[in-house]
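What follows is a set of notes on a single structure, which appears directly below.
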Amino acid sequence: MAEGPLLVMWKEDIQPFIGKQITAIENNTKLHADRMLGKTITDIKTWGKHFLICFGDFTLRIHFLMFGDLYINRRKPPEKPVKLSLQFTDSELVFYNCALRFIEEPLNEVYDWSADVMSEEWNPRAAIKKLKAIPDAVVCDALLNQEIFSGIGNIIKNEVLFRVKVQPLSLVGKLPAKKWNEILKELLTYSYQFLEWRKKGEFQRHWQANARKLCPRDEVPFVKAYLGQNPRRTYYCTQCQVLYN
DNA sequence: GATAATGTTAGCAT
DNA sequence: AATGCTAACATTAT
């Protein structure tokens, strides 16, 4: 469910909660959530797929995995088990199906913000440098590497590789620098488009490759295969996507 | 009703 | 010690 752009959307949605004090907590995890009681939210951040609620001296880290959800001032219909609810005098944040933990260290010590494609500190040159260190990796793995492209998920991977016409099993070190620049640019473009489409609730409509049967360019059937170190569903066209190896 | 999928990680085995 | 694999988590659309 949760690639980076969705978290950015949620982050924008709950900006009004900054400065609010937690008055009650419903906790169905092993987390010692009580420490947040009476605390005031000082900031809301994201690093890729990590959703970060800051309390000044510590941070709650939420990862939504595949099926996670955040509901604001209402419960998910139909009624589902709540992992954590943070309650305020007039409002509520309800988290479902997520992995929670606290971060004690300052976030700047924990996160490389330059890796987050949707961060203001995103640095494509840092990504290029990291890619140079893994020339033998396949491109479909590299795009899902959160240390390099924090926030990129499987759908964005499939869509971007289709758009730039790169076959997913291409080797990182065999792609020309020009092609990498194109991929980096498209990762950004697509992530922000994903965000806008998601806000309008129409993002599936724009999939050109992911979960599609035929290539829209040449009407050839897409190959569907489970590729990469931990195999993920990958769609590609053997006609228009070029293998660099 | 079964299946598969926008993801990670604890814990076990080697 | 380090690496690698699997199970586990859970929801929803097809």
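Every chain is numbered from 1 and lettered A, B, ... according to where its sequence line falls, protein lines coming before strand lines.
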Spacing of A:N154 atom CG relative to B:dT8 atom P, expressed in whole Å:
10 Å
Nearest-Å distance, CE (A:M66) to P (C:dT12)?
14 Å
Centre-to-centre under 6.0 Å for A:F222 and A:Y236, is that the case here?
no
Within the structure shown, what part of the strands sits under 4.0 Å from A:K157 by heavy-atom distance: base, sugar-phosphate, or nothing?
nothing
Between B:dT6 atom P and A:H206 atom NE2, what is the distance in whole Å?
19 Å
Figure out the CG/C1' separation between A:L65 and B:dT6, and round it to whole Å.
11 Å
Cation-pi check, A:K76 to A:Y96: give yes when NZ or CZ is under 6.0 Å from the six-membered ring centre and within 45° of the ring axis, no otherwise.
yes
What's the closest nucleotide to the A:Q204 side chain, out of B:dA5, C:dT12, B:dT6?
B:dT6
With C1' as the reference atom in both, quote the distance from B:dT6 to C:dC5 in angstrom, rounded to an integer.
23 Å
Run the numbers on A:F162 and A:Y235 for ring-ring contact (aromatic ring centres under 6.0 Å, His included), then give the verdict.
CA-CA 8 Å; A:F162 175 72; A:Y235 291 85; over 10 Å; no
Please produce a list of atom pairs where a protein N or O lies less than 3.5 Å from an N or O of nucleotides 10-14 of chain B.
residue: B:dA10; atom: OP1; partner: A:R101; partner atom: NH2; Å: 3.0

Between C1' on C:dA8 and CG on A:N97, what's the gap in Å once rounded to a whole number?
13 Å
A:R75 vs A:S85 side-chain heavy atoms within contact, under 4.5 Å:
yes
Of all the choices, B:dA4, B:dT9, C:dT12, which nucleotide is nearest to the side chain of A:K76 once you look at every atom?
C:dT12
What distance, rounded to whole Å, do you find between the two P atoms, one in C:dT12 and one in B:dT9?
23 Å
Gap between atoms NZ and P, on A:K224 and B:dT3 respectively (whole Å)
14 Å
Against the side chain of A:H63, the closest entry in B:dT8, B:dA4, C:dT11 is B:dT8
Set of side-chain contact (heavy atoms from CB on, under 4.5 Å) partners for A:I103, sequence neighbours left out
A:L52, A:T59, A:R61, A:E105, A:L107, A:V110, A:Y111
Hey, do the aromatic rings of A:Y71 and A:W10 have their centres closer than 6.0 Å?
no
Return one dot-bracket line describing DNA chain B 5' to 3' (Watson-Crick or G-U wobble pairs, both distances under 3.5 Å; ( ) same strand, [ ] crossing, | another strand, . none).
.||||.||||||||
Drop me the distance from A:I41's CD1 to A:M36's CE, to the nearest 0.5 angstrom.
9.0 Å
Is any side-chain N or O of A:R233 closer than 4.0 Å to OP1 or OP2 of B:dT6?
yes
Has A:K49 got a side-chain N or O lying under 4.0 Å from the OP1 or OP2 atom of B:dT9?
no
Whole angstrom is fine here: how far is it from NZ in A:K83 over to C1' in C:dT11?
12 Å
A:I152 versus A:L144, closest heavy-atom pair with distance
O-CD2, 4.0 Å
Gap between atoms CG and C1', on A:N230 and B:dT9 respectively (whole Å):
11 Å
Salt bridge or not between A:R35 and A:E104? Use side-chain N to carboxylate O under 4.0 Å.
yes
Do you know which two heavy atoms are closest between A:A127 and A:F149, and how far apart they sit?
CB-CE2, 4.1 Å
Determine: side-chain N/O of A:K213 to OP1/OP2 of C:dT14, distance under 4.0 Å, yes or no.
no
